[in-house]
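Here's the structure, in structure tokens; my notes come after.
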Amino acid sequence: MQLDDLLHRYFATDDPHSIGPAALSAGIEHCLVDLGLEKDPGKRFALWSLLFMLGAAPDLDVAFENEEEREAARNFMELLEAGESHLREGG
């Protein structure tokens, strides 16, 4: 799953800056439903990652069944945080 594809599927655009509040709320709700229904671990991770970047991800113990998946999510969170810190520092 590519980020552009996910944005287009859930928000009808590949430009996150153009998503209005109503579309954002509806897209997040749709994504949460799909996360709950999805069985494929890779697709679940992609959906959770999108929700995390939007500030709407469920807790790791809710989203992921096993510790390996939760650890991958923690690594993703740390990578994003490191990237944001680097940008704040003028990286």
Side-chain angles (χ1 to χ4, degrees):
M1 298 180 114
Q2 300 291 323
L3 179 59
D4 291 347
D5 295 336
L6 290 172
L7 288 172
H8 191 73
R9 176 179 179 150
Y10 293 104
F11 305 103
T13 183
D14 58 2
D15 178 11
H17 296 91
S18 70
I19 303 169
L24 181 63
S25 179
I28 287 172
E29 184 175 334
H30 183 189
C31 192
L32 284 166
V33 169
D34 284 356
L35 177 66
L37 297 172
E38 184 59 59
K39 300 297 182 202
D40 180 87
K43 290 180 181 178
R44 285 184 56 76
F45 186 82
L47 293 170
W48 180 88
S49 297
L50 175 60
L51 288 165
F52 178 77
M53 290 186 287
L54 295 171
D59 290 337
L60 297 180
D61 58 338
V62 173
F64 300 108
E65 292 182 7
N66 66 55
E67 185 56 35
E68 287 180 9
E69 293 171 339
R70 289 188 290 271
E71 186 61 27
R74 284 186 203 97
N75 290 338
F76 177 77
M77 292 164 49
E78 290 173 6
L79 285 171
L80 285 181
E81 184 178 302
E84 289 173 0
S85 294
H86 183 69
L87 289 174
R88 282 192 301 268
E89 295 169 1

Taking a hydrophobic cluster as the set of Ile, Leu, Val, Met, Phe, Trp and Tyr residues connected by side-chain heavy atoms closer than 4.5 Å, whether directly or through intermediates, do [X] and [Y] fall within one such cluster?
| X | Y | value |
| --- | --- | --- |
| Met53 | Ile19 | yes |
| Leu6 | Met77 | yes |
| Leu54 | Val33 | no |

- [ ] Considering only NZ, NE, NH1 and NH2 on the basic side and carboxylate oxygens on the acidic side, decide whether Arg74 and Glu67 come within less than 4.0 Å.
- [x] yes

- [ ] Carefully, step by step, assess Ile28 and Leu51 under the rule side-chain contact (heavy atoms from CB on, under 4.5 Å).
- [x] CA-CA 7 Å; Ile28 287 172; Leu51 288 165; 4.0 Å; yes

Task: Sole residue of Asp40, Leu37, Leu35 in side-chain contact (heavy atoms from CB on, under 4.5 Å) with Leu47 - done: Leu35

Over all heavy atoms of both residues, which pair between [X] and [Y] is shortest? Give the atoms and the distance, please.
| X | Y | answer |
| --- | --- | --- |
| Arg44 | Val62 | NH2-O, 4.4 Å |
| Pro58 | Leu32 | CD-CD2, 4.0 Å |
| Phe11 | Leu24 | CE2-O, 3.5 Å |
| Phe64 | Ala73 | CE1-CB, 3.6 Å |

- [ ] Look at the aromatic rings of Trp48 and Phe45 and report parallel, tilted or perpendicular, splitting at 30° and 60°.
- [x] tilted

Open item on the list: Counting only heavy atoms from other residues, nucleotides and ligands, does the tally under 6.0 Å from CD of Glu71 exceed 12?
Closed with: yes

Task: Atom NE2 of His8 with >12 non-hydrogen neighbours under 6.0 angstrom - done: no

TODO: Say whether, by atom type as modelled, one donor and one acceptor occur between the side chain of Ser25 and the main chain of Pro21 under 3.5 angstrom.
DONE: no

Task: Test item: Arg70 side-chain N/O and Leu60 main-chain N/O as donor-acceptor pair under 3.5 Å - done: no

Task: Asp34 CG to Tyr10 OH distance, which is reported to the nearest 0.5 Å - done: 3.5 Å

- [ ] Quick one: pull up CG in Asp61 and CG in Asn66 and give me the separation to the nearest 0.5 Å.
- [x] 12.5 Å

